[in-house]
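Notes for the one structure printed next.
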Amino acid sequence: MATYKFAKVPSSGERITYQAGVLGVPNNPIIPYVEGDGTGADIWRASVRVFDAAIEKAYGSERRVAWMEVFAGEKAFTQFQDWLPQETVDAMQEFRVSIKGPLTTPVGGGIRSLNVTLRQVLDLYACIRPVRYFEGVGSPMKEPERLNIVVYRENTEDVYAGIEWKAGSAEAEKLRLFIERELGKEIRPDSAIGVKPMSAFGSKRLVDMAIRYALKHCLPSVTLMHKGNIMKFTEGAFRDWGYEVARDKFAGSVVAEADLAKGGSAARADAVIIKDRIADSMFQQLLLRPDEYSVIATPNLNGDYVSDAAAAQVGGLGIAPGGNVGDGVAVFEATHGTAPKYANLDKINPGSVILSGVMMFEYLGWTEAATLIVRGLENAIKSRRVTYDLARQMPGATEVSTSAFGDQIINGMTG
């Protein structure tokens, strides 16, 4: 058991356990949370009220969450002079399931992304991002309801591994000369250099999780999104390793799209179809033929791009949830930024954290609470009393505050 200097462990809660690949969830789990930077505090105050209301409505006094605040980002740095105290990582590991708001990441310098750091040190190898449409939300698409996907983004490798050197640095020059001398590849002097590692191990376990999700939820396909036509030995290998997983571990349950097209004994209509698409084509496909895709498995950078682009098709990141999941450890999080100019104004949309909470409750097996929150959000949007980001896309809507939108969601649980 870790020792906590800054955080306080709730006395009334119990720890979630993990044995033989199965979570053991008590009726009063301790769940660490990071409220987040910028607008994070406003969002968390609304979100936690929604979570507690859904749990009470679904289970009465039988279940509740013992919330445990842990610290990261600006609040941690201001109070403890540490952007990410080790005890925060320890708490997320010990208590298994956590939720967090957005954290600051400077562009071009300063600290590395705290989000990326947490994913790597906790080995949260799958970033899972569902993207769906909620009726009534403004969208640039004519038929946004046709898009309903779950992106499985590899979370620990690719260019996000952080192996890079600044242009003009001694390290970059040393690597440039080594590559020229030993490997015969020319790189311009004074180049910044980054390395893009991708392994069979990392790629296969990501695709494995994506296929298992599709099978569990009876979804029609898993698509491997890659740029293997250009990056043949990294992204091309991701594609090949994905097909290997499908063939070796799920032979009785999946079928390759190419085999399906050929017909014959390999073409099973009841199987999950494994497809692959070049990354740039995938963006076009989601615009023109979105209902042909259900689960997308992809390397890190592609997954970042496509999940945000898909969210724009259904109304924006304000209602786009995310979860980072490993083996027995998960951190659910808002997918948007900190929006510091709106901090403490009670203005921003809490939907991303709230829907990330839905993912969290589904992960815990508390599906009744998750269903209530989704119903509440659907009815809140139908009432047309929404935060400014949604109101400006919904003619005739009434703009309400973050906290008032939380109230609408709670009221909507009974609608």
Side-chain angles (χ1 to χ4, degrees), residues 31-40 43-44 46-48 50-51 72-73 92 96-105 113-134 137 147-158 160 206 209-210 213 217 225 286 294-327 329-339 348-364 370 373-374 377 389:
I31 295 183
Y33 71 91
V34 177
E35 65 177 20
D37 295 332
T39 57
I43 289 171
W44 177 253
S47 298
V48 74
V50 170
F51 299 154
M92 291 176 169
R96 299 286 177 183
V97 178
S98 310
I99 188 166
K100 57 177 283 297
L103 294 175
T104 297
T105 302
S113 168
L114 299 178
N115 298 322
V116 172
T117 299
L118 285 172
R119 295 165 190 169
Q120 291 178 344
V121 299
L122 293 170
D123 199 24
L124 305 173
Y125 59 85
C127 180
I128 306 170
R129 293 189 175 180
V131 184
R132 56 153 290 190
Y133 179 67
F134 286 88
V137 173
L147 180 69
N148 190 351
I149 62 171
V150 181
V151 176
Y152 272 74
R153 167 192 174 195
E154 202 289 319
N155 228 3
T156 63
E157 301 187 322
D158 200 358
Y160 279 69
L206 182 279
M209 188 183 284
Y213 179 88
H217 294 276
M225 175 185 173
L286 289 181
S294 48
V295 178
I296 296 173
T298 187
N300 208 328
L301 183 60
N302 294 340
D304 198 359
Y305 291 155
V306 77
S307 56
D308 283 13
Q313 292 183 219
V314 297
L317 288 176
I319 50 173
N324 301 287
V325 179
D327 295 326
V329 182
V331 179
F332 297 89
E333 67 178 358
T335 60
H336 55 67
T338 59
I348 208 78
N349 186 351
S352 181
V353 168
I354 289 172
L355 287 172
S356 297
V358 169
M359 294 179 67
M360 180 181 72
F361 289 131
E362 290 173 343
Y363 182 75
L364 296 175
I373 295 171
V374 172
L377 182 60
D389 61 310

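What you see below is based on every heavy atom in this structure, not just the backbone, and it leaves out hydrogens, waters and symmetry mates.
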Step-by-step side-chain contact (heavy atoms from CB on, under 4.5 Å) determination, Ile31 to Leu364: CA-CA 11 Å; Ile31 295 183; Leu364 296 175; 3.9 Å; yes

Nearest-0.5 Å distance, CG of residue Asp123 to CG of residue Leu118: 12.5 Å

Validation row: Leu377, Val358 side chains within 4.5 angstrom (heavy atoms): no

Residue that, paired with Arg153, satisfies side chain to side chain donor-acceptor pair (under 3.5 Å) out of Asn302, Asn324, Asp158, Asn300: Asn300

Check: Ser352 side chain, Ala334 main-chain N or O, donor-acceptor pair, under 3.5 Å: no

Pairing residues for Asn148 by the side chain to side chain contact (heavy atoms under 4.5 Å, CB included) criterion, not counting sequence neighbours: Arg132

Smallest separation among heavy atoms of Val329 and Met92, with atom names: CG1-O, 3.8 Å

Asp327 side chain to Tyr125 side chain, donor-acceptor N/O pair below 3.5 angstrom: yes

Closest non-hydrogen atom pair between Ala126 and Leu206, with its separation: CB-CD2, 3.8 Å

For Phe332, all residues meeting ring-ring contact (aromatic ring centres under 6.0 Å, His included), sequence neighbours excluded: Tyr363

side-chain contact (heavy atoms from CB on, under 4.5 Å) between Val34 and Glu333, intermediate numbers included: CA-CA 9 Å; Val34 177; Glu333 67 178 358; over 6 Å; no

Shortest non-hydrogen contact between Val137 and Ile319, atoms and distance: CG2-CD1, 4.1 Å

